[in-house]
Amino acid sequence: MNKKPLIYPYIPNSVPEIKKQMLSAIGAESIEEFYADIPDNLRLKGKMDLPEPFLAEYELKTHVETMLSKNRTAGEYTSFLGAGCYQHHVPAVCDEINQRGEFLTAYAGEPYDDHGRFQALFEYASMMGELLNMDVVNIPTYDGFQAAATAIRMASRITGRGEVLISRQINPAKLSKIEDYCGHDLELKLIDYDPATGQIDLAALRNNISANTAAVYFENPSYLGVIEIQGDEISTIAHDCGAIGVVAVNPITLGVLKPPVEYGADIVCGDIQPLGIHMQFGGGHAGFIATRDEEKYVMEYPSRLFGITPTAVEGEYGFGDVAYERTSFAVREKGKEWVGTAAALWGITAGVYLALMGPEGMQEIGETMMSRAKYAMVELNEIQGIKAPLFTAHHFHEFVVNFNQTGKKVVDINRALLEYEIFGGTDLSTQFPELGQSALYCVTEVHTKTAIDHLVKALKEVITK
Amino acid sequence: MNKKPLIYPYIPNSVPEIKKQMLSAIGAESIEEFYADIPDNLRLKGKMDLPEPFLAEYELKTHVETMLSKNRTAGEYTSFLGAGCYQHHVPAVCDEINQRGEFLTAYAGEPYDDHGRFQALFEYASMMGELLNMDVVNIPTYDGFQAAATAIRMASRITGRGEVLISRQINPAKLSKIEDYCGHDLELKLIDYDPATGQIDLAALRNNISANTAAVYFENPSYLGVIEIQGDEISTIAHDCGAIGVVAVNPITLGVLKPPVEYGADIVCGDIQPLGIHMQFGGGHAGFIATRDEEKYVMEYPSRLFGITPTAVEGEYGFGDVAYERTSFAVREKGKEWVGTAAALWGITAGVYLALMGPEGMQEIGETMMSRAKYAMVELNEIQGIKAPLFTAHHFHEFVVNFNQTGKKVVDINRALLEYEIFGGTDLSTQFPELGQSALYCVTEVHTKTAIDHLVKALKEVITK
Amino acid sequence: MNPDITKQRYANGRPKARRFHQAKWDESIIFELSNPGQRGILVPETEVDIHEKVGDVAAALPKKIRRVEPPALPEISQPQVLRHYMRLSQENLGTDFNIDVGQGTCTMKYSPKINDLLSRSSKMTALHPLQDEDTVQGILELMYKFEQFLKEISGMDRFSLQPCAGSAAIYANVSIMRAYHHARGEAEQRDEIITTIFSHPSNAACAKTAGFKIITLFPDDDGYPDLDALKAAVSERTAGLMITNPEDTGIFNPKIEEFVKVVHNAGGLCSYDQANANGVLGITRAKEAGFDLCHFNLHKTFSTPHGCGGPGSGACGVTSELQKFLPVPVIDFNGENYYFDYNRPDSIGKIGPFYGNSSVILKAYAWVMCLGAQGLREVAEIAVLNNNYLMNKILQIRGVSAPYARGKRRIEQVRYSWEELAADTGVSSEQIGLRAVDFGLHYWTSHHPYIVPEPCTLEPTESYTREELDEYAAIMEHVAGEAYTNPELVKTAPHNSTIHTIDHAPLDDPERWAVTWRAYRRKMGQPATSE
Amino acid sequence: MNPDITKQRYANGRPKARRFHQAKWDESIIFELSNPGQRGILVPETEVDIHEKVGDVAAALPKKIRRVEPPALPEISQPQVLRHYMRLSQENLGTDFNIDVGQGTCTMKYSPKINDLLSRSSKMTALHPLQDEDTVQGILELMYKFEQFLKEISGMDRFSLQPCAGSAAIYANVSIMRAYHHARGEAEQRDEIITTIFSHPSNAACAKTAGFKIITLFPDDDGYPDLDALKAAVSERTAGLMITNPEDTGIFNPKIEEFVKVVHNAGGLCSYDQANANGVLGITRAKEAGFDLCHFNLHKTFSTPHGCGGPGSGACGVTSELQKFLPVPVIDFNGENYYFDYNRPDSIGKIGPFYGNSSVILKAYAWVMCLGAQGLREVAEIAVLNNNYLMNKILQIRGVSAPYARGKRRIEQVRYSWEELAADTGVSSEQIGLRAVDFGLHYWTSHHPYIVPEPCTLEPTESYTREELDEYAAIMEHVAGEAYTNPELVKTAPHNSTIHTIDHAPLDDPERWAVTWRAYRRKMGQPATSE
Ligand SMILES: Cc1ncc(COP(=O)(O)O)c(C=O)c1O
Ligand SMILES: Cc1ncc(COP(=O)(O)O)c(C=O)c1O
């Protein structure tokens, strides 16, 4: 009905009169002139074939909300999924800060106009440093996968070696990423684990390590939820061969667990999603890399590092890029890997989270998670046919539940659990065939006793159906 | 389990060690000392009987969300409720601005530290001024009810008269408020309406007006959705008797309808909830009062008025309180009524709304609402036994639907509509018994044709059941 | 080596004064951003089908009611509207940003973000107040339960959450008083309300609006509310007493129970202004002091954000004797469902459109639920601790004093006086407050009239750290020092704020004041849009 | 009468320079706010029942894995944590606040608030990526449909949304190239990637990380990418070409099709860096130019906010020939349900944990859906209009030029040079940019190396008004004027920002740099906590 020209609210100069005036100020006849360099045969003829737009914000909102309403969330259902993405309470203050337009819409300003970002990220790194007991922490990279892959490349560059030993209790998806990122010039070897305890097989590690080994990489807790207690031994084995110890940790465990540096890790990496960042269907990840403050380590980071420095005014905190010349921004392909847009906002957010939690909060959340997970294991294990946990090791908040004796497949069990509005644990049967019909369950501070009891009851019913 | 003293995250100095140090800095033995002035028999003995708190934010959140989840919203259902609270699309930018901590948590700062608030509210008043075509608009009062009641008191003070004529097509709740607010010293008389057209009965008005009449008050559109087209005549009648014309309008109609000043209104009032403010179960109201820029009017406002003024620096816009000495802040009971916390944030929000909408947006939204409401009336009227609208007048977006011929009661119809996830119009059968089984329906830009057709289909089924 | 920046920030073991500058954007007035044709948002258009069916409905309106000139609203694209308001927001100093202890009687405490978040749930925002009760059981339950909390906190028997602010609650309470006297046939006779000068001005103003004559009591020689004066004031014309306690000075009226008795004996009712009950939660209540009515400001004591001056919420509570007069509806529970009770023939009726500011109430509910009885008492105790701690520091500053009840403790606020400093230096309290702006702080001098000369009322609540109180006191000391050594600097403040000293004169001059841009342009002899 | 303030804001019919000051809070480092014992938030405690059943689980851990010293995180109450970060936020200058045209190649356009709002729905935030597909049909549909959009916009046949940023997409594309050559048995042989110096550095850097040798081409005499140089560079070792177009200079490579042909003829693949495709949406596409791969930055062209440097999203697209190499999973539709396809044996595998930054993708989806084909083209056209309009103004300023392809139009950005001004005045481009900060603006000089001397890259996108562009140009002119008349003022800038000139030296000195507070305290010879 509207015969008026369409003016887009996001495009101020789409008003015809303004366009005309601007063209005339430039001395151009039409916008076409600006495209003179694009040969005609490259010009798209006609309109792109895209759906009719929802010009009114209300209609757009309705459209997207209707689509999203088809989702069932881990808030509506009770979810025991973990496996690299974790459901935790996100403090309101975290979202308040990361929704601030100043942080949300800034990008690459200078230490002056963007002082706030520099300070917030310096503080993030500093708090992570306390959690990890390490002096250097990067501005977040994409995710824990990237952090692990880069940590391995760093180790290779530092040692000048080309072989990497990786504990087999790694997320296969992460391993795939590492292969994509390192496989073309590093040799990756998997180190097996003890099938009873779930701990790394030290003999296998000793057998595989050599003077070519750049790094020994393991996760703690492992992908299968196992707390590795042989950290000291592993580090010694690595160091004795001149290799670097790379440990990936879930930072939310570190109020309770020892920071890896205390059992000899040289590079520590991981994902900060659990620290105040919503799951977002896997869109809330950010990776950290931490090391000691040694030049040979620092100079191998591809990421930006923000350092504190004086300004022209006494007592004024200033910040800036540390050793910028390492980066691809400074020297293109001569830099270390590359740097670019990554996940800074999640770094700021995780900083807010750690500042809210403090030492006691981190300790308590760890304790709560461990107790509840333990309770879940005990209760599940009492169900006929279910073994939980599968490994005898200590566990943090994830653990393998084995259903072999039930005669049922995880995929069917999980499907049945949906009827109870439960998301069962991640199916491991194809990822780790040796574990049979096993699933990786996760319990956090959001899982009340009631929720766990609901799972236990549901599983009892499901496996006897 | 936690044996540690409870430290409240909102109460920094609840840490025992800090308390101790502070007490010692003051030279006090205990906090009890500060209560020395409170006689012992007034002291509450023991703990208040309140529910156990949810100390963890996660638990609090779950608790409140669980409670709220029992609600069914006007977003989930299709709602045709209006009657003073209106469902419109709230542009995201409105919420973005009113959620900014700077605006949300400020209060009563000076024009210096709170320049932003002064400017935003000055701009709000200025945009309302354009919509209303009037030069003076107050910082919002609580709601449209308060605005009407105050407008009437202002008229009474200005004229020195004690009688008020009120069109009977007023929300009975509002009338009740006006009675509470004015009834003790002003006489309120209701003026009837033409039962066919719904227009004010001018003869009745003429019969009732006198030299004691302070004000003639009517709404446009009226509570029953009728557009009053005799504004000029009504104003003339009022003015001829030395009375003041007070008109309440829904501001969202003013892209299409004439501002009341153009048909002679002297004081215009209303509620800005439709302008970008969520319904919030009736918690999103704010009242405006507008007049010409005449001292005798201005000096009768109880509200704050923000004016523009130069600063010590050339070209700097400053703001401050206009004629502050009118207010109860300045002179207590010698002020006009009172001033206090009201609804400033909604004023800022409505300003954002008007700035986004612009003249065309206001016109278009009015047209859309009118067309859709008309369509609903036409379609409903085609249903056997339903009369819509009941009055022959022009309507904006609300209209009376009469069900007399269906033999059913509105209350039963509405209950049946719930099965269709529809909130039917407000039952008028007790508020306006003379209208029989009638309901007040409201249609806005959020009601698509599909939604209206759904109503029509549902009503057909419901009344033939 | 580098200097240790941290050390440079301290002198004599104390942090140096904060080097502050408020965001300054020098923004144009929004009309100046207008560009004809631009749109900030598009609205749904009528469907073609509808249009075909009903035609151009607006065009069919009679000319006499159809708008001729479109409203001269600005025409601005969305990014620019947003940017303008974002900038203005930075030019505003919320409690989220500053050590907001200087708005004494305003109880600027922390408004928890979780509560805001909860109130933004569509399960709250998208509720129409006239929905079927079955579809709003969640919010009704919340409001019902919150009323129970208030009953326990005050000892009163029934509350209305309908008043949208403290003053509205005060007015409702006056109205209930009138209804009560009316019911007893004494409405004509009882036309006087008594208050104290250090009760909030709304007590006097609301009662006046309701048609009462106001009698204002002044403090006695000890600086306490004057019982003898009250005794002299009461009579058969006394409708009631409306009194804030602790008073705006922070002084608790130790004879409050006798005040109530005196008024009761005269046949009047007593209404307790507990807008900021922060210092007495779980300590003392309206009930024990014998009050008939009281009110709380949820936007003060109960932590809901102040929103630049609302929306707030003023809950008013009464004893069982008065509950039939409360506004309609009240929310009741039949053991299964929550419902509205409108059937209250003695009610004063409606005082606002629906049931009050529900989302504000939600925030207050959440606040109580995360503290509990013990937490509320902790709020009170820390609020008074903070207040007395700050007082101890402030009173060490040259030129300041805390008049009335001298040497006594205060509850949760203190009205100070810079009288001595003003006499010594010519610098007023207002100027001190404006100079504080240069350090990211501010205060509001106090309510008029300035019985306390050169007043300044501080109320630190429970939300601030000792270090923040120290900082506030240090800046007061610093500025007081400047007043003695460099008064011009203080008198011309602020220097680091968004704007500079405003010219007050035009604001009081009908020829020059301008409350809207259109009025301003007109008075400048300009067309409505500039340049 | 009063002065007309509005008039005072203009001189010679132009608005005077904005008097700006950024918020300056002089905040402490967060550790300095710590007060032992304070808590910012409480976490759920284990239920008593559970505790009784399982005991103290953490205490049962072996000592060698149990943390001994609690992490020395700050201990701060919630209001103070909030306040600290709120203040820091004000010290940051987002696109919501400034005329953000100075981050050339970064495409700082308006990020609509409605899209943020939609992405914050719990229907998005609370989804676990490993949920049963049946329970995530909404988000799968959205991602699937968004892929269809990108296919149409680029002409490519299949996309992966998994890369979390532009560089990650570039790396994925390099990886796909390798997989392609590997599949053809040429992986060893083809170890060179060709790029141009005005292509984004990540093209070179990512390819290098992937193990390729980099050949960088420089412009020809006309300032266009050099076709002859390309011809000389290609060989049987050529794995591919990775090229940004329009280049960082804003110049569109008119021979792009021939570039592609030359590389194809040599057996290489061609990857089109369309991170900022802003100026060419609906105008020209990767397909027509013959590319095999391309990528888009959703956080640039598609409007998603930059988040201080992420999260972003880099969608990479390929022709049908290459699609089998794309990362797993891809999202498919069987006519009824949307599902993940993991069964792709030739895939390069996973490149990130799940499926990319889904909520960023949601925002980009919403952005396209509110513009449509016509709107996207309008975006492009206005972006180039704005750019050429601004260029016209900038080039009138003394001391500036636009090297390369002189006198030609630009697409949607321009790399300027202040070479002449620097020679005349000694003021560098960096200093000009920092002086702009004093007016609430800023720019980033440009990527290294500074082939263009004293560079400055402006990219106005479609989001700014003419008046904003005028303001930006006016400030540039103003600052350039200052450089000629008062160079010291410019060299010592910023003056009105949060902080003053930083000392860069410690940041490059291993003895003095400090990336964490603990490192800083240690290097200062201090214990970890101050004072
Ligand atoms: C003691 C007291 N009573 C009443 C009020 C008035 O409350 P409101 O501003 O909500 O109307 C206030 C507000 O400052 C107050 O402090
Ligand atoms: C043309 C071009 N390519 C690639 C990139 C790298 O993108 P990201 O920062 O997302 O890694 C950018 C970002 O500036 C760019 O402008």
Side-chain angles (χ1 to χ4, degrees), chain B residues 12 26 31 34 37 42 47-48 50 53 68 70-73 75 81 97 100-102 105-107 112-113 115-117 123 126 129-131 135 142 173 176 184 278 280-283 295 311-312 318 322 328 332-333 337-338 340-345 356 358-359 365 367 370-371 374-375 449, chain C residues 40-41 43 46-47 50 54 57 70-72 75 85 88-89 91-96 123 125-129 135 137-138 164-165 167 201 204-205 208-209 211 214 252 254 306-310 312 349-350 354 357-359 372-373 384 409 442 465 497-498 500-502 510 513 516-517 519:
Chain B
I26 309 172
I31 288 172
F34 310 131
D37 270 341
L42 297 192
K47 228 168 77 167
M48 290 183 289
L50 293 173
L68 291 181
K70 296 175 196 159
N71 299 330
R72 294 293 158 265
T73 73
L81 293 164
I97 298 302
R100 294 274 302 168
E102 291 91 336
T105 69
Y107 196 27
Y112 304 98
D113 44 291
H115 177 74
R117 166 170 76 92
E123 293 179 348
S126 298
E130 296 302 339
L131 199 59
D135 273 2
Y142 308 130
S176 169
H184 59 274
H278 295 280
Q280 301 165 72
F281 202 50
E295 189 176 356
T311 77
V322 163
S328 65
R332 297 175 71 91
E333 73 270 19
E337 306 172 32
W338 74 80
T341 309
L345 195 65
L356 286 170
I365 200 169
E367 288 169 357
M370 286 189 80
S371 297
K374 178 78 178 188
Y375 173 76
K449 178 170 178 299
Chain C
I41 194 167
V43 298
T46 317
E47 292 87 342
I50 289 186
V54 301
V57 181
E75 302 175 58
Y85 282 103
L88 291 188
S89 76
E91 295 178 337
N92 218 53
L93 197 60
T95 304
D96 282 353
K123 288 288 193 180
T125 57
L127 296 179
H128 192 285
T135 66
Q137 285 295 303
C164 284
S167 308
K208 176 71 183 323
T209 307
I214 308 304
F252 190 91
H306 286 78
C308 283
K350 293 291 299 174
F354 298 103
N357 285 333
S358 315
S359 40
V384 303
R409 305 297 193 189
H442 68 123
T465 60
S497 185
T498 305
H500 300 82
T501 317
I502 63 171
W513 69 37
T516 54
W517 182 244

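Chain naming here is simple, since letters A, B, ... match the order of the sequence lines and numbering starts at 1 in each. Keep in mind the model is a prediction, meaning the values are calculated, not measured.
Contact count versus chain C (heavy atoms, under 4.5 Å) is highest, among B:Gly116, B:Gly75, B:Gly358, for B:Gly116. The greatest number of non-hydrogen atom pairs below 4.5 Å with chain C, out of B:Asp113, B:Leu345, B:Thr341, is found for B:Asp113. Chosen from C:Gly40, C:Gly211, C:Ala165, C:Gly307, the residue pairing most often with chain B at heavy-atom distances under 4.5 Å is C:Gly307. Most heavy-atom pairs under 4.5 Å with chain B: of the set C:Gly309, C:Ser359, C:Pro510, this distinction falls to C:Gly309. For the options B:Asn71, B:Leu356, B:Thr311, B:Ile365, heavy-atom pairs under 4.5 Å to chain C are most numerous at B:Asn71. Taking chain B as the reference chain and counting heavy-atom pairs below 4.5 Å, the highest number among C:Val54, C:Ile41, C:Ile50 is found for C:Ile50. When each of B:Lys47, B:His278, B:Met48 is scored by its heavy-atom pairs under 4.5 Å with chain C, the top score falls to B:Met48. Between chain C and the residues B:Gly318, B:Ser371, B:Ser328, the most heavy-atom pairs under 4.5 angstrom are made by B:Ser371.
Between B:Glu337 and C:Ala205, the shortest heavy-atom contact is O-CB, 3.4 Å. Closest heavy-atom contact between B:Pro53 and C:Gly372: CB-N, 3.5 Å. Annotation for C:Ser167 and B:Gly340: closest pair OG-CA, 4.3 Å, computed over non-hydrogen atoms. The shortest heavy-atom contact between C:Leu127 and B:Arg72 is CD2-O, 3.7 Å. For C:Lys350 against B:Ser176, the heavy-atom pair with the smallest separation is N-OG, 2.8 Å. Nearest approach of C:Cys308 to B:Ala344, heavy atoms of both residues: O-CB, 3.3 Å.
Not one N or O on the side chain of B:Asp37 forms a donor-acceptor pair closer than 3.5 Å with the backbone of C:Pro254. Under a 3.5 Å cut-off, the side chain of C:Thr501 and the backbone N or O of B:Ala312 do not form any donor-acceptor pair. No donor-acceptor pair closer than 3.5 Å links the side chain of B:Tyr142 to the backbone N or O of C:Gly310. B:His184 places a side-chain N or O within 3.5 Å of a backbone atom of C:Thr209 that can act as its donor or acceptor partner.
Looking only at side-chain heavy atoms (C-beta outward), B:Ile26 and C:Arg409 come within less than 4.5 Å of each other. Using a 4.5 Å heavy-atom cutoff, the side chains of B:Arg100 and C:Asn92 are not in contact. Looking only at side-chain heavy atoms (C-beta outward), C:Thr95 and B:Tyr107 stay at 4.5 Å or farther from each other. Looking only at side-chain heavy atoms (C-beta outward), C:Lys123 and B:Thr73 come within less than 4.5 Å of each other. Put simply, the side chain of B:Gln280 does not reach to within 4.5 Å of the side chain of C:Phe354, judged on heavy atoms.
With a threshold of 4.5 angstrom between heavy atoms, C:His128 approaches chain B through its backbone and through its side chain. The contact between C:Ser497 and chain B is made entirely by side chain atoms (from C-beta outward), counting heavy-atom distances below 4.5 Å. Contact annotation for B:Arg117: both backbone and side-chain heavy atoms come within less than 4.5 Å of a heavy atom of chain C. Contacts between B:Ile97 and chain C at a heavy-atom distance below 4.5 Å involve the side chain alone, from C-beta outward.
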Practice problem: Please report the C-alpha distance between B:Arg332 and C:Ile214 in whole Å, then the side-chain angles of each, then the deciding distance to 0.1 Å, and finally whether the side-chain contact (heavy atoms from CB on, under 4.5 Å) criterion is met. | Solution: CA-CA 10 Å; B:Arg332 297 175 71 91; C:Ile214 308 304; over 6 Å; no
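Once rounded to the nearest 0.5 Å, the distance linking CH2 of C:Trp513 with CD of B:Glu295 reads 5.0 Å. The CD atom of C:Glu91 lies 5.0 Å from the NE2 atom of B:His115; values are rounded to the nearest 0.5 Å.
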